[in-house]
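For reference, the structure is listed below as structure tokens.
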There are 2 protein chains.
Amino acid sequence: MNVQRSLHEPERRLVTLSDVAREAGVGESTVSRVLRNQGSFSKRTQDRVAEAVARLGYVPNRLAGMLAGSGSTAGAKLVGIVIPSLTNIVFPDLLRGATAVLDRGGFQSVIGVSDYDPEREEALIGALLSWRPAGLIVTGLEHTPGALARLRASGIRIVEMIDTDGAGLDIVVGFSNRAVGCDSARHLLARGYRRIGFVGHDITQDLRAAKRLAGFCETLREAGCPLAEREIASGPSSAAAGREALARLVGRRPDLDAVYFSNDDMALGGYFHCLADGIAVPGRLALFGFNALDIAAALPQPLTTIRTPRLEIGAAAAERLAADGPAETVDLGYELIAGATA
Amino acid sequence: MNVQRSLHEPERRLVTLSDVAREAGVGESTVSRVLRNQGSFSKRTQDRVAEAVARLGYVPNRLAGMLAGSGSTAGAKLVGIVIPSLTNIVFPDLLRGATAVLDRGGFQSVIGVSDYDPEREEALIGALLSWRPAGLIVTGLEHTPGALARLRASGIRIVEMIDTDGAGLDIVVGFSNRAVGCDSARHLLARGYRRIGFVGHDITQDLRAAKRLAGFCETLREAGCPLAEREIASGPSSAAAGREALARLVGRRPDLDAVYFSNDDMALGGYFHCLADGIAVPGRLALFGFNALDIAAALPQPLTTIRTPRLEIGAAAAERLAADGPAETVDLGYELIAGATA
DNA sequence: ACAGATGATGGCAGCGCTGCCAATCTCATT
DNA sequence: AATGAGATTGGCAGCGCTGCCATCATCTGT
């Protein structure tokens with residue numbers, strides 16, 4: 001069954017507010033007030049409008065509503081969100097946290113995915129800005145000059161989430177990736193590991209991962225035990241990439257006693273390699289991840305990793321966006337989960 | 001630094017099309033044409049407009065554009081997408097497939113997440129419809145009567161994706177979940193398994209999973225080898241849930257020789273339980289999943305599962321939405337991946 | 001019973017942009 | 001030089017809704 005508009009009724013105009021007004025026998029503004037439950041109107045009017053709406057199957061046109069309402073306080077109930085990826089569970093989680101709060105506040109959110117491409121992020125920011133949102137939530141602190149200029153010029157609330165290692169434009173919500181790296185290194189050192197390697201994905205794309213690694217390396221160096229070796233998989237993080245990269249790393253440096261991964265996806269793959277290759281974990285080789293994926297906790301040996309407050313970050317970002325507070329940086333911290341692999 | 005609009009300039013009007021027109025010394029419609037690269041205009045005009053735009057930092061107001069353009073062919077370049085979840089990688093994949101095509105076609109997409117709640121889906125459909133999109137992409141064939149009514153009344157293109165087991169409203173793109181269940185059963189039977197159990201998550205929420213199970217059970221029954229036992233975890237699917245559920249299942253029925261999981265998340269958990277408990281896979285117990293997650297292929301033993309064309313489904317949905325073809329059902333099929341676990 | 005306070009309501013001018021149409025300009029043809 | 005087909009351009013009426021203000025109706029206190 002084709003529900004497309006039939007060619008025989010070329011002018012099937014959609015029901016508009018004024019149709020409802022006529023049907024209900026009231027003025028347009030009255031219908032508008034009733035529909036938005038704002039201002040005052042009698043119970044009787046309300047009922048008549050409700051009836052008319054139902055009878056006509058009226059669907060308000062948000063486009064018109066926002067246009068007309070723009071400039072006023074109640075206007076733009078819209079928020080743009082830019083994230084780099086959807087395949088890494090981190091970002092859907094941030095999204096869930098944010099939209100939960102946003103929905104409650106009556107905001108609509110429009111989402112853009114940049115695929116970790118700064119140029120694309122800039123384009124997306126431009127596109128989202130053209131919706132005239134009340135605010136924008138973006139990921140990370142690093143943006144192209146063009147993107148920064150647009151964000152600044154927009155005059156709206158900007159929230160940069162996840163990363164607190166650097167200066168933000170307005171509001172920053174997240175945790176220190178660098179500190180995560182440092183703490184991860186300290187944990188491994190404290191457990192006595194000394195020949196430590198790193199397995200990561202394409203870090204030039206994922207700046208946060210690069211910051212973690214920087215913190216990690218620095219702490220190792222300060223402890224007089226610099227990173228022994230690293231292996232970078234090309235492309236995005238995945239279990240398969242992690243598995244292969246670890247295989248290469250231990251092939252090259254069989255003497256390593258611990259490996260730090262750029263995240264749990266990679267670490268999972270590393271763990272599988274150990275399982276398949278009979279490498280005892282953590283006896284022969286310790287593994288340390290990042291992100292505390294659900295699945296990492298379900299392994300035969302729970303992965304040692306860092307739990308990040310993803311939902312909370314998303315929620316805090318949304319709250320700050322809606323609120324009218326001052327520019328600030330909110331550090332929500334993280335938690336080291338001592339599993340069985342390191 | 002707070003970039004909020006300063007209280008000292010209460011009337012900081014945003015730059016509009018007519019500002020650009022004045023600045024460039026041309027008419028509004030000319031600017032509009034240049035900006036949309038539509039109609040004809042001279043190179044000189046184009047340059048002047050481009051300059052003015054840059055000088056003023058003009059950002060087009062899409063709200064106004066869509067409102068004005070509504071009703072015409074080029075109007076509503078907007079598509080609404082409703083998915084039940086973001087945490088299951090399936091849906092981000094569908095989204096990626098769809099937005100890739102949509103972006104290319106110059107469409108913006110607005111996304112809604114229903115959390116597997118039909119009521120919420122209905123509300124989301126209403127909300128998305130109020131953006132006056134050119135079309136809507138929804139998930140699955142089952143919707144509340146209210147949602148169906150709205151979709152029908154909308155008069156726009158509707159694409160229902162993933163599931164082809166039933167009647168659609170307009171365009172349906174996906175594969176037969178029931179057939180997946182049947183083929184999965186046949187595979188296990190062909191490999192000689194006879195005492196087969198099922199481990200699933202809350203199937204009342206996930207209708208597609210229910211259809212797979214139905215097909216699976218039917219095929220087993222027809223083969224004279226009905227499902228021996230089932231274990232349903234409460235809540236959504238996850239590796240942890242799968243692990244615990246399998247533990248309970250084998251605790252109750254240690255004689256089983258194969259287990260079918262509602263999806264790979266659950267199967268992964270089941271595999272981990274076997275690993276942890278020393279249950280030989282597939283010698284002692286075979287495992288069969290669904291969805292071909294990347295991670296399932298990286299296991300020491302690749303999981304036997306079904307690969308579904310997620311990106312392709314999303315892309316096909318978007319293509320059909322943009323195209324002007326007849327109502328139809330497009331079955332993109334699936335592929336059984338014979339891994340090492342069954 | 002009358003001024004003043006509320007409560008309800010309708011009218012109408014935009015919000016910023018696009019579609020349509022008429023006006024103007026250009027240029028090769030005859 | 002006149003002519004017609006295009007190319008280029010500007011004016012302006014909406015798109016559907018909300019904000020603002022004027023208008024009544026109703027109610028309250030003295």
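In what follows, every heavy atom counts, from backbone to side chain, and hydrogens, waters and symmetry copies are set aside.
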- Task: Report the residue from A:Arg150, A:Glu119, A:Glu122 that forms a side-chain hydrogen bond (donor to acceptor under 3.5 Å, both in side chains) with A:Thr144.
- Result: A:Glu122
- Between B:Thr45 and B:Arg48, is any side-chain donor less than 3.5 angstrom from a side-chain acceptor? no
- Message: I want to verify a distance call: between C:dG10, D:dC17, D:dG16, whose nearest atom is closest to the A:Thr30 side chain?
- Response: C:dG10
- Task: In whole angstrom, give the distance that lies between atom CD of A:Gln46 and atom C1' of C:dT9.
- Result: 15 Å
- Item | Matching residue for A:Val82 among A:Val110, A:Val138, A:Ile111, A:Ile137 - test: side-chain contact (heavy atoms from CB on, under 4.5 Å) | A:Val138
- Do you know the tightest heavy-atom contact between A:Phe91 and A:Ile83? CB-CD1, 3.9 Å
- Query: Is there a donor on the side chain of B:Arg33 or the base of C:dG19 sitting less than 3.5 Å from an acceptor on the other?
  - Reply: no
N/O contacts under 3.5 Å, protein versus nucleotides 12-14 of chain D?
none

- Query: Are B:Asp19 and B:Arg22 ion-paired here, with the side-chain N under 4.0 Å from a carboxylate O?
  - Reply: yes
- What is the distance from CZ of A:Arg62 to P of C:dC15, rounded to the nearest Å? 23 Å
- Query: How many angstroms lie between atom CD1 of B:Ile162 and atom CD1 of B:Ile313, to the nearest 0.5 angstrom?
  - Reply: 6.5 Å
- Message: Strictly below 4.0 Å: does B:Arg36 bring a side-chain N or O up to OP1 or OP2 of C:dG19?
- Response: yes
- Nearest non-hydrogen partners of B:Gly325 and B:Arg157, listed with the distance: O-NH1, 2.5 Å
- Task: Measure from CE on A:Met66 to P on D:dG19 and round the result to the nearest Å.
- Result: 12 Å
- Assign each of A:Asn61 and B:Arg44 the nucleotide of DNA chain D bearing its closest heavy atom; nearer the 5' end lies the nucleotide of B:Arg44
- Query: Between B:Asp93 and B:Arg96, is there a salt bridge with N-O shorter than 4.0 Å?
  - Reply: yes
Can you tabulate the close N/O pairs, meaning under 3.5 Å, that link protein atoms to atoms of nucleotides 24-27 of chain C?
none

- Identify whether any heavy atom of A:Ser40 sits under 4.0 Å from a base atom; if not, whether one sits that close to sugar-phosphate; answer base, sugar-phosphate or nothing. base
- Message: Is the phosphate of D:dT18 approached by A:Ser32 (side-chain N or O, under 4.0 Å from OP1 or OP2)?
- Response: yes
- Task: Quickly work out the B:Lys77 NZ to C:dT18 P distance and round it to whole Å.
- Result: 14 Å
- Rounded to the nearest Å, what distance is computed from the CG atom of residue A:Leu63 to the P atom of nucleotide D:dC17? 10 Å
- Atom CG of A:Leu67 and atom C1' of C:dC15 are separated, to the nearest Å, by 5 Å
- Task: May I ask you to verify if any side-chain N or O of B:Ser42 is less than 4.0 angstrom from the OP1 or OP2 atom of D:dT9?
- Result: yes
- Item | Heavy-atom side-chain contact between A:Leu95 and B:Val113 under 4.5 Å | no
- Quick one: is B:Thr45 getting a side-chain N or O under 4.0 Å of the D:dT9 phosphate, OP1 or OP2? yes
- Item | Any donor-acceptor pair under 3.5 Å from A:Gln205 side chain to A:Pro236 backbone | no
- Item | Interatomic distance, A:Gln38 CD vs C:dG7 C1' [rounded to whole Å] | 15 Å
- Query: Does a side-chain N or O from A:Arg132 land closer than 4.0 Å to OP1 or OP2 of C:dC15, or not?
  - Reply: no
- Query: Rounded to the nearest Å, what distance is computed from the CZ atom of residue B:Phe41 to the C1' atom of nucleotide D:dG6?
  - Reply: 16 Å
- Query: Looking at the side chain of B:Thr16, which of C:dC17, D:dG16, C:dG10 is the nearest nucleotide?
  - Reply: C:dC17
